[in-house]
Structures are given as C-alpha cells and as structure tokens.
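Heads up: numbering here begins at 1 and tracks the sequence. Values reported hereafter were calculated over all heavy atoms of this structure, with side chains retained and with hydrogens, waters and symmetry mates removed.
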Amino acid sequence: RQGTLTKRFSSPFDYQHHSKVLIAKDAPLPGNQNNADYINYLASTIYKLTKQSNCQTMILFNSLIMIEQVYSQLRETDLFDQRDILAQGITGNRDKILKQFSTGQNAVLLGATSFWEGVDLPQAALELLIITRLPFDAPDEIMNRAHNNLLRRQGKNPFYQSELPQATMRLRQGIGRLIRTEKDTGVAVILDPRLVARRYGETIMRSIKRDYPVDVLPTDQLVKTTNNFLKKGH
C-alpha cells in the first residue's frame, strides 16, 4: 500500500532569541487548593513579577477557585494602584475581560481553562505569561473517570496514555499565547516544580525545549531574569 507523503515546515518565529521559558525550581508542589502556603507563594511571586514589570501580563490557572484565592491576596497589596487587574469570574466573564485586556497597556489578567487556547494577543498585547500549575485534567470528573476506566480495561496506563499527553499539549498551547507574530517577544514563567521534581516532567520538558529556550531557576533569580529580559525586549 502506498504511503502518505508528509513534510514538516519550520516555524517562522525566532523563539530562541525572542522568548524565554523560566521554571521556578523552589516553588511548593501544588496540593489542595486550600493550601495556605501554596496560595501565599503564588500571590507573592505574581506580585513580584507584575510589580516590577510594566507590560501586559496573563496568568493562567486551572480553576476559578484558585483565581479567587490569589486575587483576594493581591487585593491587599498596592498592585491595584498601578495595574488594571482583571479576573475571570470576579471582574467579568471571559469575553468581557479579554476585550478589556486586548485594549490595555499594563493590565494583568487572571484566567482559567478557557484562556489556555484560542487567544490571540500579538506584540505588546501580551509580553509576560505566568502559568501557575501544569494543566492536568481533574481525574475525578465524570468524563475523565470514565475514559480512564476504559483505558484500564484495555490494559493501558491512563496517566501515560492520556493525561500526560493532553497536559503536555495544553501547556504548549498555553505558552503559544506568547509569540503570535515574528516581531513578538516575551517570557513564560511556570510556577510548578513538578517539571523538574517528577520523572514525567522530563517528557514535558523535552516537548517545550524543541522550540523554546528553558531555564530552571530559584524564584528570586527567576524574577530578576524575567524583568531583565522584558527590559531588553523593550
């Protein structure tokens, strides 16, 4: 049988010079959404990253509950005096805050699942992307539980056959919000240490490194590197 001819085209974007992916190696491991230390870390690090930068910033979460918890802590800081803070489910729905963000200059948007893909914000419309947590699906949701049970009956491992590939693809889609044109520059910050602390993180890292330069840093150094890169870009 005649095979199918395929050809892979290289991207026109210069990811190696126009972008950077930074991973916080000392971030706390994500646990229960009510974990105070974890929420405190996210709020504190987001504050440091957005306080010192003056560019359009999108922060991706996996749940509206976590957005509410982080937003509540940021509300107690002076960040609201300097930046326009938009939070899904709090200051408006997805379409409303996305429209406000797309016309902003130094806004900060906190968004959940629907912002991981299908968002086009070229050039100065988005220069800093913060990913709080790897985008794994909730295993206890009905559809996910049913699909995982089916894979088990087929003798397959649900995590490696389904959950990990989907999370990897979604993470790449999330990072893809950053570089939309050949002139774009920006930084993607990932505040989930499982990329370096878990064996499966190597699989995800290999996928990211195919296109993007990746550095694994302690949080304080990560903040400095982010701000230096953004200033250099401007």
Side-chain angles (χ1 to χ4, degrees), residues 21-52 57-80 83 85-91 94 97 108-116 128-145 148 158-160 162-164 166-168 170-171 173-175 187-205 208 214-223 225-226:
V21 175
L22 304 176
I23 300 167
K25 67 179 182 180
D26 58 346
L29 289 169
N32 190 296
Q33 290 182 353
N34 294 320
N35 186 308
D37 291 340
Y38 179 61
I39 299 300
N40 289 341
Y41 170 81
L42 289 182
S44 173
T45 305
I46 289 170
Y47 174 80
K48 293 174 184 175
L49 286 165
T50 54
K51 172 74 173 178
Q52 298 183 37
T57 302
M58 179 180 289
I59 308 168
L60 296 178
F61 294 81
N62 285 2
S63 75
L64 293 174
I65 294 175
M66 196 172 295
I67 289 179
E68 292 175 5
Q69 293 172 329
V70 171
Y71 180 88
S72 177
Q73 291 206 17
L74 292 177
R75 199 74 183 86
E76 302 300 319
T77 71
D78 60 354
L79 191 63
F80 279 71
R83 311 289 294 269
I85 313 296
L86 309 169
Q88 186 177 4
I90 300 174
T91 63
R94 179 190 187 276
I97 64 174
V108 177
L109 187 152
L110 285 67
T113 307
S114 60
F115 282 93
W116 283 85
L128 175 58
L129 179 75
I130 303 173
I131 295 174
T132 59
R133 188 171 183 166
L134 296 179
F136 285 106
D137 288 328
D140 57 345
E141 290 185 357
I142 295 177
M143 292 300 295
N144 296 333
R145 191 164 64 238
N148 290 346
F159 181 77
Y160 286 101
S162 177
E163 296 173 21
L164 182 59
Q166 288 183 17
T168 302
R170 192 172 295 129
L171 181 63
Q173 288 176 329
I175 297 174
V187 179
V189 173
I190 303 176
L191 303 179
D192 191 331
R194 289 179 293 178
L195 283 171
V196 292
R198 296 289 185 262
R199 187 169 61 181
Y200 62 76
E202 298 177 5
T203 301
I204 303 177
M205 289 277 276
I208 299 174
V214 178
D215 287 330
V216 180
L217 304 168
T219 301
D220 288 344
Q221 190 174 345
L222 179 148
V223 172
T225 302
T226 298

Legend entry - Flag, side chain of Arg83 to backbone of Thr50, donor-acceptor distance under 3.5 Å: yes
Legend entry - Non-hydrogen atoms of Pro28 and Pro193 that approach each other most closely: O-CD, 3.7 Å
Legend entry - Taking every non-hydrogen atom, the tightest pair across Leu191 and Ala27: O-CB, 3.8 Å
Inset, instruction - Pick out which of Thr113, Ile130, Val70, Ile131 makes a side-chain contact (heavy atoms from CB on, under 4.5 Å) with Phe61. - result: Val70
Legend entry - Result of checking Leu109, Val189, Val108 against Ile59 for side-chain contact (heavy atoms from CB on, under 4.5 Å): Val108
Inset, instruction - Answer yes or no: is there a donor N or O on one side and an acceptor on the other, between the side chain of Trp116 and the main chain of Ile175, under 3.5 Å? - result: no
Legend entry - N/O donor-acceptor pair under 3.5 Å between Thr226 side chain and Leu222 backbone: yes
Inset, instruction - Determine yes or no for a side-chain-to-main-chain donor-acceptor pair under 3.5 angstrom, with Asp192 supplying the side chain and Leu134 the backbone. - result: yes
Legend entry - Cation over ring face, Arg194 and Tyr200, 6.0 Å, 45°: no
Legend entry - Short side-chain donor-acceptor distance under 3.5 Å, Thr219 and Tyr41: yes
Inset, instruction - Check whether any side-chain heavy atom of Gln88 lies under 4.5 Å from a side-chain heavy atom of Leu110, and answer yes or no. - result: no
Inset, instruction - Of all the heavy-atom pairs spanning Leu29 and Ala197, show the shortest one and how long it is. - result: CD2-CB, 4.4 Å
Legend entry - Distance-only side-chain donor-acceptor flag, Gln221 / Thr225, under 3.5 Å: no
Legend entry - Spatial distance of atom CZ (Arg133) from atom CG (Leu171) [nearest 0.5 Å]: 14.0 Å
Legend entry - Spacing of Asp37 atom CG and Leu42 atom CG [to the nearest 0.5 Å]: 11.0 Å
Legend entry - Sidechain-backbone polar pair: Thr77 side chain, Leu74 backbone, donor-acceptor under 3.5 Å: yes
Legend entry - Side chain to side chain, Tyr47 and Asp78, heavy atoms closer than 4.5 Å: yes
Inset, instruction - Calculate, to the nearest 0.5 Å, the distance between atoms CZ and CZ belonging to Arg75 and Phe80 respectively. - result: 4.5 Å
Legend entry - Heavy-atom check, side chain of Leu164 versus side chain of Ile204, under 4.5 Å: yes
Inset, instruction - Kindly indicate whether the side chain of Leu79, heavy atoms from C-beta on, has any atom under 4.5 Å from the side chain of Ile85. - result: yes
Inset, instruction - Go through the steps to decide whether Tyr38 and Gln69 satisfy the test side-chain contact (heavy atoms from CB on, under 4.5 Å), and finish with yes or no. - result: CA-CA 11 Å; Tyr38 179 61; Gln69 293 172 329; over 6 Å; no
Legend entry - Between OG1 on residue Thr203 and CZ on residue Arg198, distance to nearest 0.5 Å: 14.0 Å
Legend entry - Closest approach of Gly174 to Leu129 (non-hydrogen atoms, all atoms of both residues): O-CD2, 3.2 Å
Legend entry - Smallest separation among heavy atoms of Lys25 and Val216, with atom names: CB-CG1, 3.4 Å
Legend entry - Any Asn62 side-chain heavy atom under 4.5 Å of Pro135 side chain: yes
Legend entry - CD1 on Ile190 to CD1 on Ile23, rounded to 0.5 Å: 5.0 Å
Legend entry - Separation of Ser114 OG from Leu60 CG (nearest 0.5 Å): 9.5 Å
Legend entry - Any Leu49 side-chain heavy atom under 4.5 Å of Thr57 side chain: no
